Amino acid sequence: LQAHYDANPDAFTRPEQRTLTLFVADPKDFADKVTLADADLNKRVDIELGKRGTPELRRFVQISFPLGERAKADQAAARLRAGEQPAAVAQALSGELVTVTDRARQAVGDPALAEGVFKLSAPGGVDVAELGLGVAAFRLTAITPSTSPPRDQLVATVRTELLLALAEAEAQKAVDAFEKAKTEGEEIPAAAAAAGVKVVTVESIDVRGNTDSGQPSPSVQGLGPKLQEAFTMPEDETTGFARMDGGRWVSARVDAIRKSGVRPLAEVREQAIVAFRRQKTREALDALADAVIKDVAAGKPFAEAARARGF
């Protein structure tokens, strides 16, 4: 067992571990300290109603002519109003026919054309627009109305979003107050308590956030680069605050460093025994397999050779 342990130091090496103090300003801890006025909520809901639905869409046909041919465009518009088919009108007047389907106002390429198309009140309407590179007659063929989510549903969603934003702002204020108090020489526990910043001690974790048992420490889950930064710093140094997922602000102080090294055999004895037995079993099986191969090479049938070796 000692020989196996000595020959496989990597298997029993403990990674560098650090004890950290985390300073955490979590919006969840400030949720009960924020309020939202009904007027502010309703104002935002009115704004979001126009953003979260689908815009009005319009279909139309246009017959385009080069600059200077407004007269032809007016003729085309008159014939469209009279009910003639757009293709026939375009052919007769040597215009370019374009069919446009389901476009929002912002998606119509020419601003003058967009204004004209969306000014028409109903399908069948016809007008003429001076374009940037020509002139066009157009007929509106269909309107798909805009949609909005139910107001009651949107009120609940927007309230949650606004309250979270307010709580995040309070968390940011807490970080600023904590940093200011530290700069002014206040003791860290008092500064944290006054600002509402949580102080969390994390014992003996490696750079992946795992404890001695190899299990992830819940306290450092989601810290990512901030945890890695803490593993580049000397003892008693503190990282700056960084915003994590969920709006948390986190800073880490390095309290103690335990360098990587091979664990004593007494500490990893059970692990070493399991590894030693696996190695010896593997070696024994390899030896039996080699013996079977030699017997078969010497002319013995495979099944007989395997049975002879206990397979």
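Everything numeric in this text was worked out from a predicted model, so none of it was measured. The analysis underlying the following values was restricted to heavy atoms, covering all of them including side chains, and did not include hydrogens, waters or symmetry mates.
No hydrogens or angles considered: nothing links the side chains of Thr19 and Asp255 as a donor-acceptor pair under 3.5 Å. Looking only at atom types and distance, the side chain of Gln279 has a donor-acceptor partner in the side chain of Glu283 under 3.5 Å away. In the model, Ser64 has a side-chain atom that pairs as donor or acceptor with a side-chain atom of Gln62 under 3.5 Å.
Note: Ile257 CD1 to Gln17 CD = 12.0 Å, rounded to the nearest 0.5 Å.
Sorted by first and then second residue, the salt bridge (Lys or Arg N to Asp or Glu O under 4.0 Å) pairs with a member in residues 30-39 form an empty list; sequence neighbours excluded. Within the structure, every pair that satisfies the ring-ring contact (aromatic ring centres under 6.0 Å, His included) test and touches residues 15-57, not counting sequence neighbours, is listed here: Phe23-Phe178. Within the structure, every pair that satisfies the ring-ring contact (aromatic ring centres under 6.0 Å, His included) test and touches residues 268-295, not counting sequence neighbours, is listed here: His4-Phe276.
In Arg105, the CZ atom is crowded: over 12 heavy atoms of neighbouring residues, nucleotides or ligands sit closer than 6.0 Å. Heavy atoms of other residues, nucleotides or ligands lying less than 6.0 angstrom from CZ of Arg258 number more than 12. Counted within 6.0 Å of CZ on Arg44, heavy atoms from surrounding residues, nucleotides or ligands total 12 or fewer; the atom is thus considered open.
Taking every heavy atom of both residues into account, Ser219 and Val202 meet most closely at CB-CG2, 3.7 Å. Heavy-atom minimum distance, Gln221 versus Arg248: O-NH2, 3.4 Å.
In the hydrophobic cluster analysis, where Ile, Leu, Val, Met, Phe, Trp and Tyr join through side-chain heavy atoms closer than 4.5 angstrom, Leu154 is grouped together with Leu36.
Looking only at distances, a side-chain donor or acceptor of Asp110 sits under 3.5 Å from a matching main-chain atom of Leu113. Panel note: side chain Arg52, backbone Ser148; no donor-acceptor pair is recorded below 3.5 Å.
Judged by the 6.0 Å distance and 45° axis criteria, Arg139 is not positioned over the aromatic ring of Phe60.
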If you apply the rule side-chain hydrogen bond (donor to acceptor under 3.5 Å, both in side chains), what do you find for Ser251 with Thr238, and how did you get there?
CA-CA 7 Å; Ser251 171; Thr238 303; 5.6 Å; no

